Amino acid sequence: MEYKELAMLLKKATEQGVKNAIKEEHPVPDRLTKADAYRLYGRSNVDRWFREGLISPQQPANTSQIFLDRSELETVAASSNRITYLPVADR
């Protein structure tokens, strides 16, 4: 096993361990309100992800609040492509 492979393996193990510890201490809801998503990821990012179809809102029948799947948000935030941040002239 090469140094880079070992480093990546340790990094992933550490990230997973941190996620597990946080879940045990402070359970995180599976769904976030739109306001919470704005606060965590920034309004412009969340709105852009909506426009690009990267995330989809969920609205239960018994409430007017819009909810977003937390794992979907985390996936999109982690894999955001830099090209979507650049102005058209710079692409």
Side-chain angles (χ1 to χ4, degrees):
M1 180 179 291
E2 290 190 25
Y3 177 75
K4 275 187 164 181
E5 292 176 43
L6 180 59
M8 289 301 292
L9 183 64
L10 289 173
K11 180 183 175 192
K12 288 180 182 180
T14 303
E15 289 172 351
Q16 188 61 43
V18 168
K19 286 180 184 178
N20 290 344
I22 290 172
K23 282 182 183 178
E24 288 176 11
E25 290 300 315
H26 301 286
V28 179
D30 292 334
R31 298 184 312 175
L32 294 175
T33 62
K34 196 173 180 181
D36 288 337
Y38 282 164
R39 191 169 34 260
L40 289 172
Y41 300 103
R43 184 181 192 104
S44 61
N45 287 332
V46 173
D47 287 341
R48 180 172 44 84
W49 296 337
F50 272 125
R51 284 191 313 272
E52 294 176 356
L54 299 173
I55 56 175
S56 54
Q58 303 165 357
Q59 188 170 12
N62 59 350
T63 182
S64 63
Q65 281 188 318
I66 294 175
F67 291 96
L68 304 168
D69 182 67
R70 182 180 203 90
S71 62
E72 191 176 58
L73 281 166
E74 289 176 356
T75 301
V76 170
S79 65
S80 281
N81 189 351
R82 174 105 171 107
I83 197 165
T84 60
Y85 292 107
L86 297 174
V88 175
D90 295 338
R91 291 186 201 169

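Keep in mind that what you see is a predicted model, and the values were worked out from it rather than measured. Heavy atoms only: backbone and side chains are in, while hydrogens, waters and symmetry mates are out.
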Considering all heavy atoms of both residues, which atom of [X] and which atom of [Y] are nearest to each other, and what is their separation?
X     : Y     : result
Pro60 : Arg31 : CG-NH1, 3.5 Å
Val46 : Tyr41 : CG2-CB, 4.0 Å
Leu68 : Pro57 : CD2-CA, 3.8 Å

> Taking only residues two or more places apart in sequence or in another chain, which ones pass side-chain hydrogen bond (donor to acceptor under 3.5 Å, both in side chains) with Glu5?
Replying inline: none
> Taking only residues two or more places apart in sequence, or in another chain, which ones meet Arg43 in a side-chain hydrogen bond (donor to acceptor under 3.5 Å, both in side chains)?
Replying inline: none
> Would one find more than 12 heavy atoms of other residues, nucleotides or ligands at under 6.0 Å from atom CD of Glu15?
Replying inline: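 Counting other residues, nucleotides and ligands, CD of Glu15 exceeds 12 neighbours.
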>> Test side chain to side chain contact (heavy atoms under 4.5 Å, CB included) on Leu32 and Phe67; report intermediate values, then the result.
In response: CA-CA 5 Å; Leu32 294 175; Phe67 291 96; over 6 Å; no
> With a 4.5 Å limit on heavy-atom distance, are the side chains of Thr14 and Lys11 in contact?
Replying inline: no
> How many angstroms lie between CG in Leu40 and CZ in Arg70, if you round to the nearest 0.5 Å?
Replying inline: 6.0 Å
>> Please determine whether residues Ile66 and Val76 belong to a single hydrophobic cluster, defined as Ile, Leu, Val, Met, Phe, Trp and Tyr linked transitively by side-chain heavy-atom distances below 4.5 Å.
In response: no
>> Test your reading of the model: is there a side-chain donor-acceptor pair from Glu72 to the backbone of Ser56, 3.5 Å cut-off?
In response: yes
